[in-house]
Chemist: 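I have a structure here, written as C-alpha cells, and I will follow up with some questions on it.
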Amino acid sequence: MQKDNTTSDTKMQQNSIGIDPKLLKPYDPKETEDRIYKIWEESGFFNPDVCIEKGVTDKDAKPFTIVMPPPNANGRLHAGHALFVTLEDIMTRYHRMKGERTLWVPGADHAGFETQIVYERKLEKEGRSRFDMKPEDLYKEIYDFTMDNKKFMENDVRRLGASCDWSREKFTLDPDVVKTVQQTFDKMFKDDLIYRGDRIVNWCAKHQTSLSEVETEFEERTEPFYYLQYGPFVISTSRPETKFGDKYVTIHPLDKRYAEYKDGQKIDLEWINGPITATVIKDESVDMEFGTGVMTITPWHDQVDFDIAERHNLDKEQIIDWKGKLLPIAGEFEGIHISKARPMIIEKLKEKGLLVKIDEAYKHNVKVCFKCNTIIEPQIKDQWFVKMRPLADRALDAVNSGKIKFYPDNYEKIFRYWMTNTIDWNISRQIIWGIPIPAKICNLCKKGFSDLKDEMTVCPCGGELRKDTDTFDTWFSSGQWTLLSLGYPDTKDLDIYHPTSVMETGRDLIFKWIPRMVIFALYLRDEVAFNNVYLHGLVNDEKGEKMSKSKGNVVNPIELVDIFGTDALRIALVVGNTPGMDLALSRDRIKGYKNFANKLWNITRFVFSSLPEQFKKSALNTQDAEIMEKFDIEIKDITSDMEEFRFYLAAEKIYHYIWHTFADEIIENSKPVLMGSDEESKTSRQTLLLEILEKSLKILHPFMPFVTEEIWSMMPVRNATHNVAGGPVENKKLLMVEKWPK
RNA sequence: GCGCGAUUAGCUCAGUUGGUAGAGCAACUCAUUUACACUGAGAAGGUCGGGGGUUCAAGUCCCUCAUCGCGCACCA
C-alpha cells in the first residue's frame, strides 16, 4: 500500500503540474464536506446581498426566490426532507450560477399540534400531564425543548449542502411572526372574513382540541348496524349511544312510502328512556335508498344533521361531553363513556322491544385523529372560522389566469377541485403551543372581538369580556409563510423577492398548505405567493413501501450521508425521480453514485497528470472543436431541462456524459494523442480535456456540490484566479458562484 | 360513489412536440496492476397491462376493460 502510493506519487510529480496529494487517494466525502460547507457559509454567497456587494451578481439581475418549507423544529430530518433540500438546492445553485439574484430562505416550524403531541408523550413517560400544568410553564418547557432540537435540524440541513441564506432564517414563533399573524387576524376580522360561530368541529377527546379537516383521517371499520323501532318507523344507526335526544325524524319529501306523514307532524312514541314527542321533518338530503329511508337526527354530533337542523331551525342538544362521556340527557347512562355505553344501551333497547335487527358486518369509514387514531367526536363548539368562499375564488382566478403553474400539471386540477369545494376553516385550537388568538369573547352574548391591544373589557351588550385562550391552527401562520419569511409587513425584501419563483414541497401538501399560501398572499399583498409549484412524491424504502416507524423501515438521511457522502445521496434522490412520483430509495442506488463521485475524482487526476508543468491553453484543432461542440449541444439540452424542472433528466444526462462519454470515450481516445509526439495535437487535446472537466464540474455542481467544489479548488491556474496546488486563495472564485456554461 | 396516478428488461424507473425501445442495479462472458476494481470491453434481456380506434407511422393521441396505489366524499 505504502509502496504503491510512493511510486504513483513520483510518477505524477515528474510529468505533471502540481497535484494536490488528496487527489492520489480515493475521494473522501467525510474529510471534504464539512470543510467545504464552512467555506461556502463564510464566503457569504448564500446571501444575495453579499453576491451583489462582491460583484458576483449584478444588482439589476432578475431575482429567483425559494422559501423553504420549514422543517419541524422538534425533530431530525427524514428522507423526505433530504429530497426537498436537494431539489431546492439544485434550483438555487443553478439560478445563482446563472447570475440571478438568488435567495433561498430557510425556516423552522413550531408545528403546533405535532410538537405538543411529541411533548405530551414525553410528559406521559415522566408520569406528568399537560392538564395538570400551568399554561405558561408548559409553553416555556415546550419552547426550550423545541429550541434545543432546532439546532439539530439546522445542522442536518447544512450537512445536505443547502445553500440557503441563514441570515434570513425564520422560526414560526419569532416575535415578529407572531405579531404579524395576529395583525392578519385583526385585519380579516375587520374585513368580515373571520367570524365566531357555533359550528360542528372535529373534536379529539384525547387531545382535548378541535381539528381541521386536514388533521383528520378516515379509517375503515366494520361494526354492527342497528335497526330500531321509532314509533311507526324503523330507523337505523351505527351509533345508538347518540340517540337519546333524537326528537326529529326526517324523510325525503318525495318518498311515497311515507307520504302519509306530513312535515311538522307530531308523533308520540316510546323511546330509550321513556315516552317522547317526535316531529316529522321533510328534507331532501335524506337518501331514500339508504336503510329504511327514515332517519332521526343528532344535530350536536353530526355535520349532516347539523345542516338539516340549521335549515329547519331545530333545537340542538349536546349528548356527549368533551371527554366522551354521556350527559344527563342519557338518564341512567349519565357519566358512562360512550365506548362502554353502547352494549348497555343495546341491551336496554332489546328489553324494551325496540331493537328490530342488527347487521353485524357494516363497513364504513370513521373519522379519526391523525395523530392518535381516536375516533373524532363531532361537537358543536364556539370557534373562530375563516370565510373561505371569497378567498378561494380569488385563488381560483389566479390559477385560471395562468399566474401559477404546477409541476406535474395534473395537480392543478386537484388544486382547483379543493378551491371549488372548500368549506369554512376552523382556525381555533385548544392547545398551548402556538400563536395566541388576540381576541375577547363575551360571557353574556358570546360574541367574539378581535382585540390586538388587549384593551377591551366590556362587550357592547354590557357583558363581561374574557380573553380567548385558544391558539391558531398551525396552517393559519404557515399559510402566510412566503410573506412572513420575507419580512412582511416590511417591504424591503418583499418588493424584490415576492412573488417567489418556486414553491417546492411534498405532493401531500397540495391541500394542506399550497392553497392557503395562495389565499393569504392574494389577500395581504394582492400577489400570488409563487409562480411555480413543484411537488415531489414520497421517498419510500427500497421495496417501494412507505417508510413508517411501526414497520421499522425508516431511513435516516444523515446516516446515508455518513456512509456514502452527501453528493451520492443527493443525486440518487434526483435521477429518474419525476415530479409527483414516489421514489424507491435503495442503498445500491446510492452506492452507484458514490462510485460516480470517485470516478470524477479519478478523471480529474488523469486530466491533471496529463498536463505539463507549464501549461497554457491553446486553440482547439478541428477534431477537438467538434468534440467540444457536441458537449455544448448536450449542455444546451441540459439547460433547458433545468429551466423546465426536469432535474431527473438533467442529472442523468450529465452523469452519463461524464462517465460514458468523457471518461470512456474521450479520455480513452486521448491516450495515444497524449503519448504521441505531435505537440500541437497534444496541447489541443490537453486544452479540450481541461475545458470539458471545467464545464462538467459546473453542470454537475447543483447536483453534487461538494465533490465538484473540492475539485474546482484544485484546478490549475488560468487567468490568475486559480492557484496551482489548491487550497483557498484570496479573490479566488468559488465554483458555487461561477457562471453556468452557455 | 367521484377524481388522480401507475402498469415498459429479473428489480427500480426514464422515454419532452407521435418518427428504429433507454438508464441504473442485478445476472452473464471476457480483460487484470490500469487515471480509476469504487475499473474497462462485450453480449444477453422487452408482442411497452388486455382489447379497439385515429395516423404513412402509436410506449406516446382517443375509447374501453383489468389490476395496483393514492386522494376526496358519503355513510342516518
Side-chain angles (χ1 to χ4, degrees), chain A residues 4 7-8 11-12 16 19 23-24 26-27 213 217-218 220-221 223 225-228 230 235-240 242-243 246 249-250 285-287 290-298 302-305 308 362-367 408 410-411 413-414 416-418 421 507-508 510-511 537-538 540 542-546 564-565 568 571-572 575-578 580-610 637 640-641 644-646 648-649 651-653 655-656 659-660 663-664 667-668 670-671 674 689:
Chain A
D4 279 352
T7 38
S8 42
K11 195 171 75 190
M12 296 291 175
S16 68
I19 284 187
L23 257 187
L24 304 175
Y27 173 60
E213 297 307 315
E217 275 166 10
F218 285 100
E220 195 176 84
R221 298 269 169 104
E223 291 181 306
F225 193 57
Y226 308 95
Y227 288 81
L228 309 176
Y230 188 80
I235 59 151
S236 43
T237 183
S238 59
R239 303 197 61 198
T242 65
K243 294 281 141 196
D246 286 16
V249 56
T250 57
S285 68
V286 180
D287 183 354
F290 191 89
T292 57
V294 185
M295 70 170 185
T296 60
I297 60 167
T298 315
D302 186 283
Q303 181 68 52
V304 174
D305 295 2
I308 294 173
Y362 172 62
K363 247 193 213 170
H364 67 151
N365 293 325
V366 293
K367 234 184 214 182
N410 61 296
Y411 277 81
K413 256 193 226 166
I414 299 174
R416 247 203 211 100
Y417 180 86
W418 196 82
N421 296 287
R507 56 142 212 248
D508 50 321
I510 184 72
F511 294 126
L538 295 171
N540 292 325
E542 46 207 318
K543 289 177 200 138
E545 282 175 39
K546 195 172 170 175
F564 302 106
I571 197 162
V575 172
N577 184 9
T578 42
M581 292 283 293
D582 294 349
L583 174 81
L585 182 66
S586 73
R587 288 185 176 228
D588 278 347
R589 196 185 162 90
I590 309 170
K591 198 179 152 203
Y593 292 109
K594 179 182 158 70
N595 295 353
F596 175 56
N598 195 55
K599 184 76 184 179
L600 183 67
W601 195 253
N602 285 315
I603 288 170
T604 307
R605 184 194 308 170
F606 177 86
V607 173
F608 284 9
S609 63
S610 68
D637 195 31
S640 76
D641 287 336
E644 296 299 316
F645 300 95
R646 293 187 296 258
Y648 60 102
L649 283 185
E652 192 181 342
K653 281 175 188 168
Y655 166 89
H656 204 262
W659 199 317
H660 300 296
D664 291 349
I667 287 184
E668 285 309 316
S670 297
K671 285 177 182 172
L674 295 169
L689 293 180

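This one's a predicted model, so the numbers in the text were calculated from it and none came from an experiment. In what follows, every chain begins at residue 1, and chains take the letters A, B, ... in the order their sequences are listed.
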Chemist: Who is the Watson-Crick or G-U wobble partner of B:rU39, with both distances under 3.5 Å?
Modeler: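 Base partner found: B:rA31.
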Chemist: If you assign A:Val366 and A:Asn598 each to the RNA chain B nucleotide with the nearest heavy atom, which residue ends up on the more 5' nucleotide?
Modeler: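 The residue whose closest nucleotide sits nearer the 5' end is A:Asn598.
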Chemist: NA contact type, A:Ile667, heavy-atom cut-off 4.0 Å: base, sugar-phosphate, or nothing?
Modeler: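 The answer is base, as A:Ile667 lies within the cut-off (heavy atoms under 4.0 Å) of a base atom.
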Chemist: Side chain of A:Asn410 only, please: which of B:rC13, B:rG5, B:rC74 is the nearest?
Modeler: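 Of all the options, the side chain of A:Asn410 is nearest to B:rG5.
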Chemist: Identify whether any heavy atom of A:Tyr593 sits under 4.0 Å from a base atom; if not, whether one sits that close to sugar-phosphate; answer base, sugar-phosphate or nothing.
Modeler: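 It contacts nothing in the nucleic acid.
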Chemist: For the side chain of A:Arg646, starting at C-beta, report the closest nucleotide among B:rC38, B:rU16, B:rA23.
Modeler: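 For the A:Arg646 side chain, the nearest candidate turns out to be B:rU16.
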Chemist: Given B:rC25, B:rA35, B:rC38, which nucleotide is nearest the side-chain atoms of A:Asp588?
Modeler: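 Between B:rC25, B:rA35, B:rC38, the one nearest the side chain of A:Asp588 would be B:rC25.
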Chemist: Can you tell me if the side-chain N/O atoms of A:Trp659 get under 4.0 Å from OP1 or OP2 in B:rG40?
Modeler: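 Affirmative; the distance criterion is met.
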Chemist: Mind calculating the distance between OH (A:Tyr27) and P (B:rA35) to the nearest angstrom?
Modeler: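 Rounded to whole Å, this separation is 23 Å.
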Chemist: Do any side-chain nitrogens or oxygens of A:His660 fall under 4.0 Å of OP1 or OP2 in B:rG40?
Modeler: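 Looking at the OP1 and OP2 atoms of B:rG40, neither is under 4.0 Å from any side-chain N or O of A:His660.
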Chemist: Watson-Crick or G-U wobble partner for B:rU7, using a 3.5 Å limit on both distances?
Modeler: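 Checking every strand shown, B:rU7 finds its partner in B:rA66, with both distances under 3.5 Å.
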Chemist: Any donor and acceptor pair, going by atom type alone, linking the side chain of A:Asp302 with main-chain N or O of A:Thr298 inside 3.5 Å?
Modeler: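 Flag not set: sc A:Asp302 to bb A:Thr298 has no pair under 3.5 Å.
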Chemist: Between B:rU12, B:rC75, B:rA35, spot the one nearest the side chain of A:Arg589, thanks.
Modeler: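 Selected nucleotide: B:rU12.
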Chemist: Between B:rU8 and B:rA23, how many Å separate the two C1' atoms, rounded to a whole number?
Modeler: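 Pairwise C1' distance, B:rU8 against B:rA23, rounds to 13 Å.
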Chemist: Rounded to the Å, how far apart are A:Glu652 CD and B:rU12 P?
Modeler: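 Interatomic distance, CD of A:Glu652 to P of B:rU12: 17 Å.
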Chemist: I need the CG-P distance between A:Asp508 and B:rC4, as an integer number of Å.
Modeler: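 Roughly 20 Å, once rounded to whole Å.
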Chemist: With rounding to the closest Å, how many angstrom separate the P atoms on B:rC61 and B:rG24?
Modeler: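 Looking at atom P only, B:rC61 and B:rG24 are 26 Å apart.
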Chemist: With rounding to the closest Å, how many angstrom separate the P atoms on B:rG49 and B:rG59?
Modeler: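 Between the two P atoms, the distance is 10 Å.
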Chemist: Could you tell me how far apart A:Phe596 (CZ) and B:rG24 (C1') are, to the nearest whole angstrom?
Modeler: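 In whole Å, B:rG24 C1' and A:Phe596 CZ are 13 Å from each other.
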Chemist: Nearest of B:rA41, B:rC75, B:rC13 to any side-chain atom of A:Phe290?
Modeler: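 Of the options given, the side chain of A:Phe290 lies nearest B:rC75.
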Chemist: Can you tell me how far C1' in B:rG42 sits from the matching atom in B:rA27, rounded to whole Å?
Modeler: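 My reading of the C1' atoms in B:rG42 and B:rA27 gives 15 Å.
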Chemist: Is the A:Tyr593 ring parallel, tilted or perpendicular to the A:Tyr655 ring (thresholds 30°, 60°)?
Modeler: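 A:Tyr593 and A:Tyr655: perpendicular rings.
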Chemist: Say we look at B:rU17 and B:rA73: how far apart would their C1' atoms be, to the nearest angstrom?
Modeler: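 Comparing C1' positions in B:rU17 and B:rA73 gives a spacing of 38 Å.
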Chemist: Give a yes or no on whether A:Lys591 atom NZ has more than 12 heavy-atom contacts from other residues, nucleotides or ligands under 6.0 Å away.
Modeler: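 No, because the 6.0 Å sphere around NZ of A:Lys591 holds 12 heavy atoms or fewer from other groups.
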Chemist: Within the 4.0 Å heavy-atom criterion, would you say A:Ala597 contacts the bases, only the backbone, or no part of the nucleic acid?
Modeler: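 Contact class for A:Ala597: none.
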Chemist: Starting from P on B:rG5, measure out to CE on A:Met581 and report it in whole angstrom.
Modeler: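 Answer to the nearest Å: 11 Å.
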Chemist: Is any side-chain N or O of A:Lys591 closer than 4.0 Å to OP1 or OP2 of B:rC38?
Modeler: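 The answer is no; no side-chain N or O of A:Lys591 sits under 4.0 Å from OP1 or OP2.
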Chemist: Tell me whether the OP1 or OP2 atom of B:rA23 has a side-chain N or O from A:Tyr648 closer than 4.0 Å.
Modeler: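 No, outside the criterion.
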Chemist: NA contact type, A:Lys546, heavy-atom cut-off 4.0 Å: base, sugar-phosphate, or nothing?
Modeler: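 A:Lys546: no heavy atom of the nucleic acid under 4.0 Å.
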Chemist: Might you point out which heavy atoms bring A:Tyr27 and A:Asn598 nearest each other, and give the distance in Å?
Modeler: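 Closest heavy-atom pair between A:Tyr27 and A:Asn598: N-OD1, 3.0 Å.
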Chemist: Check every atom of B:rC38, B:rA35, B:rC75 against the side chain of A:Arg605 and return the nucleotide holding the closest atom.
Modeler: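 For A:Arg605, the side-chain atoms sit closest to B:rA35.
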Chemist: Between A:Thr250 (side chain only) and A:Met295 (backbone N and O only), is there a donor and an acceptor less than 3.5 Å apart?
Modeler: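 Confirmed, A:Thr250 side chain pairs with A:Met295 backbone.
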Chemist: Could you check which of B:rC75, B:rA35, B:rG40 has an atom nearest any side-chain atom of A:Asp664?
Modeler: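 Among the listed nucleotides, the one closest to the side chain of A:Asp664 is B:rG40.
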Chemist: Parallel under 30°, tilted from 30 to 60°, perpendicular over 60°: which one fits the rings of A:Phe225 and A:Phe290?
Modeler: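 The rings of A:Phe225 and A:Phe290 stand perpendicular, inter-plane angle above 60°.
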Chemist: So which nucleotide from B:rG15, B:rU39, B:rC4 ends up closest to the side chain of A:Ile414?
Modeler: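 Nearest to the side chain of A:Ile414 among the choices is B:rC4.
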Chemist: In whole Å, what separates the C1' atom of B:rU29 from that of B:rG69?
Modeler: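 To the nearest whole Å, 40 Å.
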Chemist: Return the minimal non-hydrogen interatomic distance between A:Ile308 and A:Ser285, and the atom names on each side.
Modeler: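 Shortest heavy-atom separation between A:Ile308 and A:Ser285 comes out as CD1-OG, 3.4 Å.
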Chemist: Specify the separation, in whole Å, of atom CG of A:Asp641 and atom P of B:rG15.
Modeler: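 That distance rounds to 10 Å.
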Chemist: Once you apply a heavy-atom cut-off of 4.0 Å, does A:Leu583 come out as touching a base, just sugar-phosphate, or nothing?
Modeler: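 Since no nucleic acid heavy atom lies under 4.0 Å of A:Leu583, the category is nothing.
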Chemist: Is A:Ser586 close enough to B:rU12 that one of its side-chain N or O atoms is under 4.0 Å from OP1 or OP2 there?
Modeler: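 So the side chain of A:Ser586 is outside the cut-off, no N or O lying under 4.0 Å from OP1 or OP2 of B:rU12.
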Chemist: Identify which nucleotide among B:rC74, B:rG15, B:rC36 has an atom closest to any side-chain atom of A:Asn602, counting heavy atoms from C-beta outward.
Modeler: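 For the A:Asn602 side chain, the nearest candidate turns out to be B:rC36.
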Chemist: For B:rU17, which nucleotide in any strand shown is its Watson-Crick or wobble partner with both distances under 3.5 Å?
Modeler: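 Paired with B:rU17, as far as the under-3.5 Å criterion goes, is no nucleotide at all.
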Chemist: Of A:Met295 and A:Asp582, whose closest RNA chain B nucleotide lies nearer the 5' terminus?
Modeler: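 The residue whose closest nucleotide sits nearer the 5' end is A:Asp582.
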Chemist: Base, sugar-phosphate, or nothing for A:Glu644, non-hydrogen atoms under 4.0 angstrom?
Modeler: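 Touches nothing.
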Chemist: Examine B:rC4: is either OP1 or OP2 under 4.0 Å from a nitrogen or oxygen in the side chain of A:Lys413? Give yes or no.
Modeler: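 Yes, such a contact exists.
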Chemist: Report the distance from atom CZ of A:Phe606 to atom C1' of B:rU39, rounded to the nearest whole Å.
Modeler: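 Taking atom C1' of B:rU39 as the reference, CZ of A:Phe606 is at 14 Å.
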Chemist: C1' atom, B:rA9 versus B:rA44: distance in rounded Å?
Modeler: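 Those two atoms are separated by 10 Å.
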Chemist: Please report the shortest heavy-atom distance between A:Leu689 and A:Ser610, naming the atom on each side.
Modeler: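 What the structure gives for the nearest pair is CD1-OG, 4.3 Å.
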Chemist: I need the CD-C1' distance between A:Glu668 and B:rA35, as an integer number of Å.
Modeler: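 Checked: the CD to C1' distance equals 9 Å.
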Chemist: Roughly how far apart, to the nearest Å, are B:rU7 and B:rU16 at atom P?
Modeler: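 Pairwise P distance, B:rU7 against B:rU16, rounds to 12 Å.
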Chemist: Salt bridge between A:Asp582 and A:Arg507, side-chain N to carboxylate O under 4.0 Å?
Modeler: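 Answer for the salt bridge query: yes.
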Chemist: Would the base of B:rC38 count as contacting A:Lys599 through its side chain, where contact means a donor and an acceptor less than 3.5 Å apart?
Modeler: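 By the distance-only test, no, there is no pair.
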